[in-house]
J.: 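I have a structure here, written as structure tokens, and I will follow up with some questions on it.
Only this structure's heavy atoms are used, side chains among them; waters, hydrogens and symmetry mates stay out. Ligands are counted one by one from 1 in listed order, and the atoms in each one are counted from 1 as well.
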Amino acid sequence: MQYFEVNFDGLIGPSHHYGGLASGNLASHRNALKTSSPKQAALQGLEKMRTVLRLGYRQGFIPPQPRPGLSTLRQLGFSGSDEDIINTAGSDAPELLSMVYSASSMWAANAATVTPSLDSADGKVHLTPANLVTTAHRAIEHPYTFAALQRIFHNPAVFNVHPALPGTGAFADEGAANHSRLCASHGSAGTGLFVWGRQRGTDTTRLQFPARQTLEASQAIARQHGVRQAVYLQQSARAINAGAFHNDVVAVANGPVLFFHEQAYEAESQQTAFAQLSELGEFTPVCVPAAEVSLDEAIRSYLFNSQLLSGPDGDMSAMTLIAPTECQEVEAVARYLEKLTTDDSQPIRRVEFVDVRQSMSNGGGPACLRLRVMLSEQEIAAVNPAFMLDEAKIDALQQWVSEHYRDSLHPLDLLEPEFMHECKRAMAALTEWLGCPDLYDGLV
Ligand code: SUG
């Protein structure tokens with residue numbers, strides 16, 4: 001049976017702003033409190049989806065979450081009408097407004113961990129929303145993500161959408177950003193590669209920034225999904241301290257290929273994991289040496305936050321890297337990429353650049369913006385078609401963005417109650433268009 005990589009991108013919401021909310025994410029820190037353009041952000045995201053669609057791949061999307069998260073503000077003690085809540089939070093705790101307005105669900109690589117049916121014990125596709133407990137603005141995402149995933153993957157005979165792991169630091173989980181699948185071909189059984197930053201008892205004094213994924217969370221996901229082949233690999237403290245808050249900032253996999261930075265992993269853990277991967281099946285590590293691209297250059301350009309794709313029919317011999325345009329601007333990276341595509345010892349043959357600068361300024365590149373789901377033709381038919389895209393639907397979504405989004409947004413604009421109404425109107429129009437006006441019922 002043939003399997004296809006289907007990407008579900010996070011549609012960027014109307015409250016996209018630079019809140020400086022993510023510790024360890026250098027771009028978020030650097031751009032804190034600058035003016036964003038929600039309109040440009042969403043249009044860039046949709047153009048990326050169009051690029052991938054035009055290259056011949058299937059493309060879906062995950063809708064934005066309702067913002068502001070008024071139920072969170074109520075939980076935090078604010079009361080009265082919706083306007084009262086915005087006004088009081090705006091004067092007493094504006095940082096909480098930024099938190100509940102974050103459009104962070106756009107980074108769909110953090111929406112969930114996915115195990116394809118080929119790799120799970122019961123032959124179903126398993127999805128677990130990430131609890132994202134490390135940062136407050138992201139920890140509020142998972143109930144909405146769960147609702148959206150249940151709606152998209154709505155056939156329980158084919159899909160099992162689990163609730164998030166317990167919301168505690170011991171099971172801190174960041175989803176597919178720390179998970180990859182290695183396999184000989186899309187249609188053959190693969191190995192889940194789970195990358196983690198800390199485990200019970202880890203001496204975290206070496207870490208300047210939080211390690212967002214625990215080994216215990218990764219093990220729980222593998223157990224829950226009935227993953228038949230799992231390998232665990234430890235992120236290096238050096239990479240985390242340099243700003244690799246997720247594994248997908250320093251590595252990307254596709255088929256048998258793991259394209260990664262030399263300093264991404266703890267050496268001993270890498271040696272063990274790579275030996276296991278070679279034992280379990282075809283494994284082609286493509287290591288980018290620090291002497292050619294430093295960690296700093298890799299993180300600045302987001303080279304590894306590219307989408308690495310086989311041919312649309314699954315051809316593993318000629319892969320395409322969908323890379324952020326920033327890679328053309330960091331000299332060492334541009335030079336490296338030129339060399340890479342002519343190096344016959346590995347299958348990456350082509351680089352396609354996409355402009356997702358609005359998202360990049362918050363630390364999210366092309367790969368952050370998508371949740372990758374490996375599906376057979378029958379499984380694709382079991383996906384709710386409302387969430388699958390073609391060019392006409394992308395046009396319609398661009399039209400919706402143009403009608404409802406602001407050209408520019410400063411974090412202080414979040415204090416205006418009128419902005420809340422704008423966001424509500426945009427979401428109502430979207431869920432109506434989708435035919436799911438009750439998508440987030442009970443959660444708002
Ligand atoms: O969790 N940025 C996100 C970026 C996530 C990128 N995803 C992957 N690497 N898969 C994060 O750090 C910044 C929000 C702000 O500061 O306004 C933010 O949440």
J.: Describe, in one word, how the ring planes of Phe274 and Phe283 are oriented to each other, choosing from parallel (under 30°), tilted (30 to 60°) and perpendicular (over 60°).
T.: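 Judged by the thresholds at 30° and 60°, the geometry between Phe274 and Phe283 is perpendicular.
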
J.: Can you tell me the protein heavy atom closest to atom 15 (C) of ligand 1 and the distance?
T.: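 Atom 15 (C) of ligand 1 sits closest to the protein heavy atom Asn362 OD1, 3.2 Å.
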
J.: Considering the heavy atoms of Ser28, write down every atom of ligand 1 situated less than 4.0 Å from one of them.
T.: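 Counting atoms of ligand 1 from 1, those under 4.0 Å from Ser28 are 13 (C), 15 (C), 16 (O).
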
J.: Any side-chain to backbone donor/acceptor pair from His225 onto Val227? Under 3.5 Å, distance only.
T.: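 No; zero donor-acceptor contacts below 3.5 Å.
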
J.: State whether a side-chain donor-acceptor pair under 3.5 Å links Glu352 with Thr51.
T.: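 Thr51 and Glu352 do not have a side-chain donor-acceptor pair below 3.5 Å.
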
J.: Can you list the ligand 1 atoms lying under 4.0 Å from a non-hydrogen atom of His137?
T.: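 Contacts of ligand 1 toward His137, numbered from 1: 14 (C), 18 (C), 19 (O).
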
J.: Judged by modelled atom types alone, do Thr284 and Gln346 share a side-chain donor-acceptor pair under 3.5 Å?
T.: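 Judged by distance alone, the side chains do not pair up.
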
J.: May I ask whether Gly363 places a heavy atom under 4.0 Å from ligand 1?
T.: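 The answer is yes, since Gly363 has a heavy atom less than 4.0 Å from ligand 1.
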
J.: Has ligand 1 got any nitrogen or oxygen that is less than 3.5 angstrom from a nitrogen or oxygen of Tyr302?
T.: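 So ligand 1 has no N or O lying under 3.5 Å from an N or O of Tyr302.
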
J.: Name the closest protein heavy atom to atom 18 (C) of ligand 1, giving the residue it belongs to and the distance to 0.1 Å.
T.: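 For this ligand atom, the closest protein heavy atom is Trp107 CZ3, 3.5 Å.
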
J.: Considering only heavy atoms of Gly20, which atoms of ligand 1 have at least one such atom less than 4.0 Å away?
T.: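 Listed by number with element: 15 (C), 16 (O), 17 (O).
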
J.: Can you name the one residue among Lys48, Arg372, Glu5 that meets side-chain hydrogen bond (donor to acceptor under 3.5 Å, both in side chains) with Gln307?
T.: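 Answer to the side-chain hydrogen bond (donor to acceptor under 3.5 Å, both in side chains) test with Gln307 among Lys48, Arg372, Glu5: Lys48.
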
J.: Between the candidates Leu21, Thr135, Leu369, which shows the shortest non-hydrogen contact distance to atom 16 (O) of ligand 1?
T.: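 Minimum heavy-atom distance to atom 16 (O) of ligand 1 goes to Leu21.
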
J.: Among Thr191, Asn254, Asp119, which residue meets the side-chain hydrogen bond (donor to acceptor under 3.5 Å, both in side chains) test with Arg181?
T.: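 Among the candidates, only Asp119 passes.
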
J.: Nearest 0.5 angstrom please: Ser36 OG to Leu409 CG, how far?
T.: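 Rounded to the nearest 0.5 Å, the OG-CG separation comes to 4.5 Å.
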
J.: Under a 3.5 Å threshold, yes or no: a donor from one side chain and an acceptor from the other, between Glu95 and His137?
T.: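 Result is no, nothing qualifies.
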
J.: Between Arg200 (side chain) and Glu216 (backbone), is there a donor-acceptor pair under 3.5 Å?
T.: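 Not at all, since once roles are kept as given, no pair shorter than 3.5 Å links the two residues.
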
J.: Under a 4.0 angstrom heavy-atom cut-off, which atoms of ligand 1 come close to Ala109?
T.: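 Near Ala109, the atoms of ligand 1 are 10 (N).
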
J.: How close does the nearest protein non-hydrogen atom get to atom 17 (O) of ligand 1, and which residue and atom is it?
T.: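 Here the nearest protein heavy atom works out to Gly19 N, 2.9 Å.
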
J.: Enumerate the atoms of ligand 1 whose separation from the nearest heavy atom of Cys368 is less than 4.0 angstrom.
T.: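 Reading through ligand 1 atom by atom, the close ones are 6 (C), 7 (N), 8 (C), 9 (N), 10 (N).
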
J.: Pick, from Asp248, Asn305, Asn110, Val249, the option with the minimum heavy-atom distance to atom 7 (N) of ligand 1.
T.: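 Checking each option, the heavy atom nearest atom 7 (N) of ligand 1 is found in Asn110.
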
J.: Are the ring centres of His261 and Phe259 closer than 6.0 Å?
T.: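 Between Phe259 and His261, which both carry aromatic rings, the centre distance is not below 6.0 Å.
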
J.: Can you sort out which atoms of ligand 1 are near His246, meaning under 4.0 Å from one of its heavy atoms?
T.: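 Going through ligand 1 atom by atom, the ones under 4.0 Å from His246 are 7 (N), 8 (C), 9 (N), 10 (N).
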
J.: Which bit of Arg212 is near ligand 1, meaning a heavy atom under 4.0 Å away: side chain, backbone, both or neither?
T.: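 The answer is the side chain of Arg212.
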
J.: With a cut-off of 4.0 Å, which atoms of ligand 1 are near a heavy atom of His17?
T.: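 This gives 17 (O) as the contact atoms.
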
J.: Just jot down the salt bridge (charged side-chain N to carboxylate O under 4.0 Å, His left out) partners of Arg206, sequence neighbours excluded, or say none.
T.: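 In terms of salt bridge (charged side-chain N to carboxylate O under 4.0 Å, His left out), with neighbours along the sequence ignored, Arg206 is linked to Glu266.
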
J.: What are the atoms of ligand 1, with element, lying closer than 4.0 Å to any heavy atom of Ala177?
T.: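 By the 4.0 Å cutoff, the relevant atoms are 10 (N).
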
J.: Quick test: of every protein heavy atom, which one is nearest to atom 5 (C) of ligand 1, and how far off is it to 0.1 Å?
T.: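 Of the protein heavy atoms, Arg138 NH1, 3.5 Å lies nearest.
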
